[in-house]
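Below is one structure, written out as structure tokens; the observations come after it.
The residues of the chain are indexed from 1 along the displayed sequence.
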Amino acid sequence: MAKDLYFTGNTVILDHGLGMFTIYAHMSELKVKKGQIVKQGELLGLSGVTGRASGPHLHWGAVLQRLKFNPENLIQVLR
């Protein structure tokens with residue numbers, strides 16, 4: 001998904017399969033479109049202050065089988 005939402009502003013949700021999703025929100029500009037297949041390292045958008053945000057930043061989240069978890073754990077697995 002790639003669209004402007006009320007709370008999270010310009011938002012991209014990536015479906016990684018097997019019930020895992022990552023979310024990128026509050027972006028100033030989206031660089032991908034709904035349904036687009038993205039590759040590792042591809043630019044999804046630019047950090048911003050859209051939606052209900054108090055300052056520019058990128059909100060990064062992750063969900064596995066409907067359970068939210070700290071997406072930083074994904075980076076630790078790759079190290």
Interatomic spacing from CG in Leu30 to CG in Leu46 - rounded to 0.5 Å: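 The distance works out to 9.0 Å.
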What is the distance from atom CE of Met1 to atom CG of Asp15, rounded to the nearest 0.5 Å?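 CG of Asp15 is found 12.0 Å from CE of Met1.
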Give me each pair satisfying side chain to side chain donor-acceptor pair (under 3.5 Å) with a member in residues 17-26, each pair once, sequence neighbours excluded.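 Sorted result for residues 17-26: His16-Thr22, Thr22-Tyr24.
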Pairs touching residues 47-56 that satisfy side chain to side chain donor-acceptor pair (under 3.5 Å), sequence neighbours left out: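 For residues 47-56, and leaving out neighbouring residues, there are no side chain to side chain donor-acceptor pair (under 3.5 Å) pairs at all.
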Return a table of donor-acceptor pairs under 3.5 angstrom between the side chains of residues 34-41 and protein atoms on other chains or two or more places apart.
unit_1	atom_1	unit_2	atom_2	d
Gln36	OE1	Lys33	N	3.0
Gln36	NE2	Glu42	OE2	3.0

Any link between Leu58 and Leu14 through a network of hydrophobic side chains (Ile, Leu, Val, Met, Phe, Trp, Tyr) touching at under 4.5 Å?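 Per the 4.5 Å side-chain linkage, Leu58 and Leu14 are co-clustered.
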Are Phe21 and Leu5 linked, directly or through intermediate hydrophobic residues, by side-chain heavy-atom contacts shorter than 4.5 Å (ILVMFWY only)?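 Linked, Leu5 and Phe21 end up in one cluster.
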Would you mind reporting whether Thr8 and His59 have side-chain heavy atoms less than 4.5 Å apart?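 SC-SC contact between His59 and Thr8 ruled out.
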I need the full list of salt bridge (charged side-chain N to carboxylate O under 4.0 Å, His left out) pairs touching residues 18-29, with sequence neighbours left out, sorted by first then second residue.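 Every salt bridge (charged side-chain N to carboxylate O under 4.0 Å, His left out) pair that includes a residue of residues 18-29, provided the two are not neighbours, is Glu29-Lys31.
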Pairing residues for Ile23 by the side chain to side chain contact (heavy atoms under 4.5 Å, CB included) criterion, not counting sequence neighbours: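 Only Thr11, Ile13 meet the side chain to side chain contact (heavy atoms under 4.5 Å, CB included) criterion with Ile23.
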Distance-only criterion, 3.5 Å: show the donor-acceptor pairs between side-chain atoms of residues 60-71 and protein atoms not counting sequence neighbours.
unit_1	atom_1	unit_2	atom_2	d
Gln65	NE2	Leu18	O	2.8
Asn70	OD1	Glu72	N	2.9

